[in-house]
Each structure stands twice: as C-alpha cells, then as structure tokens.
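All remarks here apply to the structure that follows.
To find a chain, count down the sequence lines: A is the first, B the second, and so on, and within it residues start at 1.
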Number of protein chains: 2
Amino acid sequence: MTANPFRDHDHAHCIADALTSAEAYCAAHKLQFTPVRHRVLEILLTKHRAMGAYDILSQLAAEGLGSQPPVVYRALDFLTRHGFVHKIERLNAFIACALPGAAHTPAFMICRACHAVAETPTDRPGVGLGAAAQEAGFEIEETVIEAEGLCPTCRKTAPRTEGPAA
Amino acid sequence: MTANPFRDHDHAHCIADALTSAEAYCAAHKLQFTPVRHRVLEILLTKHRAMGAYDILSQLAAEGLGSQPPVVYRALDFLTRHGFVHKIERLNAFIACALPGAAHTPAFMICRACHAVAETPTDRPGVGLGAAAQEAGFEIEETVIEAEGLCPTCRKTAPRTEGPAA
DNA sequence: AAACGAAACGTTATTCCATATCAAGACCTC
DNA sequence: GAGGTCTTGATATGGAATAACGTTTCGTTT
C-alpha cells in the first residue's frame, strides 16, 4: 500500500509489473493482448499521468500503429473493461491503473495545478452514499469518485492562484 | 429531506421555488440574473433531467435567445459557480440543483437505463477519502461523486441487460 | 449628462472527445 | 479449410468545449 501516492517510486519496475500482470491475465482469460492494446497500456504506464485519447493516438500514429480515433478508443475500452486503465471523467482522460489486483472501487485525487492524478482505494463500493441509495431503492453498479484540489507539491509552490502555471 | 429522490413531487412548486430563490440570491449578491441565465435555469428545472449543453442551446435558439455554444456555456458556468446547477461529469450534461441551500457536496445516482438523475447530500466533503487525502497531503477543494446503476423503476422492468435495449 | 470600466452577450471558427458504420484481415474452432 | 468471432483500418459524423474578436449594456464616476 503506497502511503503517499504522490511520492516517487520504482517506476520502471511498476511498468514491467503491470505489463506482466496484464499479459498473464489475458493469457489466463483467453483475451487477445494485441500490439495496439499492449502499446496503449505501455504508453499510459510510462507517461504515468492522465492522457487524452488523442494524445495517445498521436503517439500511436507516430509509431505506425493506427492513426484513427476508433483504434485508440477500442483499445482503451478493452483496457478499462478489464481494469488495466481508468477513465478520469473530470478530465475526459485516461490513466493506467496504479493498484492492479486491488478490489476495484478506486477514487482519484486530481491536482488542478500540475494535473497529477493519484489513485487510492476506497473502503467499499458506494462510499458514503450506500445508505442514500438503499433508501431510494437505487442499485449501485459503479461509482465515480474524483476529488480536485492541490497536491502536496503544488500547495507549496502555488497555494493560491489557479493560473496557467502548468 | 426527500426520502426518495426518484419519487414524484410537486414539480411546478419546486420550479417556482428554485427560480425565486435564485433571483433572491442574485439580488442579494448583486449578481445579474439575466434573461439567458434565467431561461437556462428554467429549462433545466422544467426538464428535470440531465441535459446536454447543445440540447439547452437548441431550445434557446428556438426562442431567439442566443444560438451559439458560448452563450449556453457561459450561462451554465454562472449557474454552476453559484450552485444553481450541477454538472454530471459522467454524462457531460447538466442538471438543476435539487437541494438548493443545502451545504453543497452533492452526490448523484444515475440510472443507466432511463438516465434519471437523483441528487443526494453527502455527510461531509471528501466522503470516504478524507483520510487518504490527508495522508497524501492532498488538499481537496471539490469532489465529484457519481454512482451509476439502476433506479427503482428500471430495476423492475429491466433488471438484467445492459445491452442495446436503450 | 458624458465618459469610463466591467460584465455580459453575439458571432465565427476551431479544437477536442467520442462513436457509428462498413470493409477487410487475423485468429480460433470445429 | 469453412465458418464464426474478434480485431483492425478507414471514412464520416456528432457532440462538447473554448479561442478570439467585437459589441452591447449597465452602473459608476466625474
């Protein structure tokens, strides 16, 4: 468990880990971990930030791996369906899962200054509104939890403005 | 407190209430509750569903109140800044605030079948991830909480499929 | 009342996000 | 090796959001 998801870590290792685990998962489930899917996940793991679909796409295109939006959206769809990638609704962007294997009801902390995104697990699905849902008779299937604010680093350097510091 | 936000209610009354309260708030804070802003809020209150910006825009256009995207986006920006309207990130859509005056850290329950959206208040900001944020040194400013699932009505009629039934 | 500044609006155009659709190729199963 | 499924390629389109520019409106100051 990462005590502080904004801290540095052994990045090369976490990339290799994630790719290996994805390969293993796909092999075990008879899923095709195709070059495009592999590369998209690798790009997201390497960048280690939330990326727009078109950012990923242009990188793919530069490598001759497909140049049209559907290519990357299909890959992202596959990767999110199987939990390797998460979509950040607030940013209309995607990020590699930082906690592979963990029970998946992730929450995100998004820095509005540097756009860093940290993933953190939540206690249980429906965090905080399980009671309201039950009362209303609503059946929760998936929950998006995204907090926006300032990461530790940006609190020091830009505690005040919202400007174009990026 | 609405026991069940998916239930019916005195709709005409809640529209009038919300508009009155918005007018009062703007008057008190010297804000301009212009025709476009008034009408956008009224449209959202009347429809009582999440609406895309362009849905709102086409209705505005039909009434001669402005026909270009920035018109509606500016109005929506004003209305969300002051808490009269909420954005549903998951849908890229907007909905009138159902709990005016309540301390605002709203959560939403979104029915994936009929697209009804219910707003419910949360205990406190940062629901569920306050601890994680503090540990990480992250300063939460705003939190998006959106649960997707099945509303009470659709649980009866379409309890199973996620398919193209829509 | 005339001048000024701030806020809101109108308009054009563009960028970015996302998906529908159809055709062709790869892969697996039988 | 025939058929089905999955994946990809390519074209087109729809919807979300903003940039950039100019004009109007309104309240304040003088």
- Can A:Glu139 and B:Arg155 be counted as an ion pair, charged N to O under 4.0 angstrom? yes
- Query: Could you give the CD-to-C1' distance, from B:Gln68 to C:dC9, as a whole number of Å?
  - Reply: 11 Å
- Rounded to whole Å, CE of A:Met51 lies from C1' of C:dC16 at a distance of 15 Å
- Message: Please tell me whether B:Phe78 and B:Phe33 form a close aromatic pair, meaning their ring centres lie under 6.0 Å apart.
- Response: no
- Message: Rounded to whole Å, please give me the gap between CG in B:Leu76 and C1' in D:dA17.
- Response: 11 Å
- With heavy atoms under 4.0 Å as the rule, sort A:Phe33 into base, sugar-phosphate or nothing. nothing
- Item | Interatomic distance, B:Leu57 CG vs C:dT12 C1' [rounded to whole Å] | 14 Å
- Message: Strictly under 4.0 angstrom, non-hydrogen atoms only: write out the protein contact profile of nucleotides 18-27 of chain D, one letter per nucleotide from the 5' end, B, S or -.
- Response: BB--------
- Task: Please tell me which of the listed nucleotides, D:dT8, C:dA18, C:dA8, lies nearest to the side chain of A:Lys87?
- Result: C:dA18
- Item | 5′-ward residue of the pair B:Asn92/B:Leu31 relative to DNA chain C | B:Leu31
- Message: Between C1' on C:dA8 and NZ on B:Lys30, what's the gap in Å once rounded to a whole number?
- Response: 18 Å
- Message: Hydrophobic clusters here meaning ILVMFWY residues chained together by side-chain heavy-atom distances under 4.5 Å, can you tell me if B:Leu57 and B:Phe84 are in one?
- Response: yes
- Task: May I ask you to check whether over 12 heavy atoms, not counting those of B:Glu63, lie within 6.0 Å of atom CD?
- Result: yes
- Query: Would a hydrophobic clustering, with Ile, Leu, Val, Met, Phe, Trp and Tyr connected at side-chain separations under 4.5 Å, put B:Leu99 with B:Leu45?
  - Reply: no
- Item | Side-chain cluster (under 4.5 Å, hydrophobic types only) that A:Val117 belongs to, other residues | A:Ile88, A:Leu91, A:Ile95, A:Phe108, A:Ile110
- Under a 4.0 Å heavy-atom cutoff, the residues of residues 35-47 of chain A touching DNA chain D are A:Val36, A:Arg37
- Shortest non-hydrogen contact from A:Val144 toward B:Arg90: CG2-NH1, 3.3 Å
- Task: May I have the distance from A:Leu65 (atom CG) to C:dG25 (atom P), rounded to whole angstrom?
- Result: 19 Å
- Provide the closest heavy-atom pair for B:Cys111 versus B:Cys151 in the form atom of the first, atom of the second, distance. SG-N, 3.4 Å
- Distance, rounded to the nearest Å, where B:Leu79 contributes CG and C:dA8 contributes P: 11 Å
- Task: Could you check which of D:dG9, D:dT8, C:dA18 has an atom nearest any side-chain atom of A:Thr34?
- Result: D:dT8
- Answer yes or no: is there a donor N or O on one side and an acceptor on the other, between the side chain of A:Glu146 and the main chain of A:Glu89, under 3.5 Å? yes
